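In listed order, ligands and their atoms are each counted from 1. The model shown is predicted, which means the values in this text are computed figures rather than measured ones.
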Amino acid sequence: MKKGYFGKYGGRFVPETLIPALRELETSFRRSISDQNFKDELLSLQSTYIGRPTPLYFASRLTDRLGGARIYLKREDLGHTGAHKINNALGQALLAKAIGKKRVIAETGAGQHGVATATGAAMVGLKADIYMGSEDVKRQALNVFRMKLLGARVIEVNKGSQTLKDAINEALRDWTTNVLDTHYVLGTVFGPHPFPTIVKYFQSVIGREARKQIMKAEGRLPDYLIACVGGGSNAMGLFNAFLNDKVKMIGVEAGGEGIRSGKHAARFAGGSVGVFQGCKSYLLQDRDGNVLTTHSVSAGLDYASVGPEHAFLHDSERVTYTYATDSAALKAFELLSMTEGIIPALESAHAIAEAARIAPKLSKKNVIIVNLSGRGDKDVQHVAKIKGIEL
Ligand SMILES: *Cc1c(COP(=O)(O)O)cnc(C)c1O
């Protein structure tokens, strides 16, 4: 495969001025991950700061309720800050420090990646500037305050739709100017090479642990892995360790109000190949190549494109991609809360919805691992509002 590509997907579709920064990052990333000190520090902080390994939990009541395959949950919700995003944010903060940068920047939509980056930066002792669209700043006041508490500066972006994609553009612009002392912490397996590779590296700990844990619990590999797919980092993190095994994998996108409604973020069901924000992948676009607006009940899955490696895994049919609608995700949100006492993030509820759909059709001997990418505390207010409940 061509370097920086996954089949025909990925690449480096950026202005010429960014190429040296990406090259430098690629070199220093390679150097860092072959440096034993760097690896030791990462391993130690994954354990003492994030709380890894996260448990692999057998969801016996959910399994009984669905009456089919045995369902295990990989509990990324139990990591520090309550989701898998910290795996990448901490890894990249360490990387920034190792390569001598003084400052990190990041983009954020709902604020989750901004909070994770601000956390990693605080822990490592770097300055953090977080780009966020003004629309999102208004909608996510709590996360804005969290980032400030963590010592980060939140920079409002008043351009375009004033949301995530505009924040990414501004972060890239900042990086072009300040690359000498600044590292850009991209939040998912997306963007120009080497970002998809870097983020996959730091998230792959999920699958490595899950593989060992399921071997211990069941004495064999699982039949299915299920994960939700926004940019695709928690899914790549789980899938990567099993790609060479006979394990079926399902990525679940946001079906929103259904594909026909146009209000969704199901890039594989409703998109086509295009170039967006630094790489080639599947993209929700109109016939003229204008990027479409997306919708999902969960902010973390609400993006017009998807990581390029997923595009490759889709075309090669190694991974199956499907979607769960808002209403299916909301049902799964309540199902897991009531059967297991675990309130999942709305993003993760999409993966639970797919597990709930297929488990009853499978034998009781089958084993499914669902990546529980995050906890649902952040979504409780939103769900109450949808249900018409005043808090
Ligand atoms: C951000 C987020 C996602 C989506 O991002 P991926 O890169 O696709 O993993 C999923 N779950 C949670 C809890 C998130 O915060």
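Glu309 and Arg318 are not joined by a salt bridge, as no carboxylate oxygen comes within less than 4.0 angstrom of a charged side-chain nitrogen. Salt bridge annotation for Glu76-Arg375: absent, with no cationic side-chain nitrogen under 4.0 angstrom from a carboxylate oxygen. Here Arg75 does not pair with Glu209 in a salt bridge; the nearest charged N to carboxylate O distance is not below 4.0 Å.
Atom 10 (C) of ligand 1 has as its closest protein heavy atom Glu347 CB, 3.4 Å. Among all non-hydrogen protein atoms, the one lying nearest atom 6 (P) of ligand 1 is Ser233 N, 3.3 Å. In this structure, atom 15 (O) of ligand 1 lies nearest to the protein heavy atom Lys85 NZ, 2.5 Å. Nearest protein neighbour of atom 11 (N) of ligand 1, counting heavy atoms only, is Ser373 OG, 2.8 Å. The nearest heavy-atom contact from the protein to atom 4 (C) of ligand 1 is Gly300 O, 3.3 Å.
Residue contacts with ligand 1 include His84, since one or more of its heavy atoms lies under 4.0 Å from the ligand.
Thr182 and Arg103 share a donor-acceptor pair across their side chains, judged by distance under 3.5 Å alone. Between the side chains of Ser348 and Ser373, at least one donor N or O lies within less than 3.5 Å of an accepting N or O.
Shown here are the side-chain hydrogen bond (donor to acceptor under 3.5 Å, both in side chains) partners of Lys97, two or more places apart in sequence or in another chain: Glu41.
Remark: ligand 1 and Gly231 share an N or O pair separated by less than 3.5 Å (distance only, no angle test). For Gly374, no nitrogen or oxygen atom sits less than 3.5 Å from a nitrogen or oxygen atom of ligand 1, counting backbone and side chain alike. Among the atoms of Gly230, some N or O lies under 3.5 angstrom from an N or O of ligand 1. Ligand 1 has no nitrogen or oxygen under 3.5 angstrom from a nitrogen or oxygen of Lys378.
Using a 30° and 60° split on the angle between ring planes, Phe58 and Tyr72 fall in the tilted class, from 30° to 60°.
Set against the non-hydrogen atoms of Cys228, the atoms of ligand 1 under 4.0 Å away are 10 (C). Taking every non-hydrogen atom of Ala345 and a distance limit under 4.0 Å, the qualifying atoms of ligand 1 come out as 13 (C).
Leu238 and Tyr224 fall into different hydrophobic clusters, where Ile, Leu, Val, Met, Phe, Trp and Tyr residues are linked whenever their side-chain heavy atoms come under 4.5 Å apart, directly or through other members.
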